[in-house]
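Heavy atoms only: backbone and side chains are in, while hydrogens, waters and symmetry mates are out. For ligands, and for the atoms within them, numbers begin at 1 and follow the listed sequence.
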Amino acid sequence: MASVLIIEDEVELVKVLRAYLEQAGFTVFTAGRGDTGLSAWEHKRPDLVILDLNLPGMDGLDVAREIRRKSTTPIIMLTARVEETDQLIGLELGADDYITKPFSPRIVVARARALLRRSEGAATPAQVLRVLDLEIDLEAHSVTRAGELLDLTPTEFNLLAAMAAQPGRAFTRMQLLEAALGSAYEGYERTIDAHIKNLRAKLEPDPRNPRYIETVFGVGYRFARP
Ligand code: CA
């Protein structure tokens, strides 16, 4: 059974969301402040976080950033206005989905399910990823660009496969390090830069103007949207 942490200060909204999510089979934890929400996340390690943007104690953006620094737990951000959603998407801080208030609780349940399916899917992905003109065979650990085989190290392959599985998503160096090496090595995030540089040298026709792997300043890297 999947667990969800709702971090939201509107008591009525929390009540309704809790009822719908429990009805849908989720175990629900709640927190009414940003700071208590973050410590609840530390203790409960839920499968999914539903996070309000404007919170007392600690801003929702800071909560998301802290969670992202330590994990890839899917986050659904609740925002009050469409413009806020646009801003958040511009920030690319790692929330996986955004829902603008007011919303139907059914939408939240549907998005939560979809997001969990997606994150489970990332653990057991399709055998072959086809993005842009790349074909990434996850079983054979081989990559072709426009039919031509590329010679990548296992680390480079893991990095590329992780990013290409979710085009457009920004990954932090820590997340990439986990993807590349299977676990987090705090303090070694910058080694990712070296791997990315090597990967680009092999992958990109012009590594200084990358077509496939884009730099997200202040965050990390992402695979280009097709
Ligand atoms: Ca609020």
### Message
Using modelled atom types and a 3.5 Å cut-off, is there a donor and acceptor pairing between side-chain atoms of Arg65 and backbone atoms of Gly60?
### Response
no
### Message
Check for me: within less than 3.0 Å of the Ca ion (ligand 1), which protein N/O/S atoms show up?
### Response
Asp9 OD1, Asp52 OD2, Asn54 O
#### Entry: Lys202 bridged to Asp151 by N-O distance under 4.0 Å
no
## Note on the structure
Residues passing the side chain to side chain contact (heavy atoms under 4.5 Å, CB included) test with Arg145, sequence neighbours excluded, are Asp133, Leu134, Leu150, Pro205, Tyr212
### Query
If you measure from CD on Glu204 to CD1 on Ile196, what distance do you get to the nearest 0.5 Å?
10.0 Å
#### Entry: Leu13 and Phe103: CA distance, side-chain angles, deciding distance, side-chain contact (heavy atoms from CB on, under 4.5 Å) verdict
CA-CA 10 Å; Leu13 185 54; Phe103 50 75; 3.9 Å; yes
### Query
Under 4.0 Å between a Lys/Arg side-chain N and an Asp/Glu carboxylate O for Glu214 and Arg211?
no
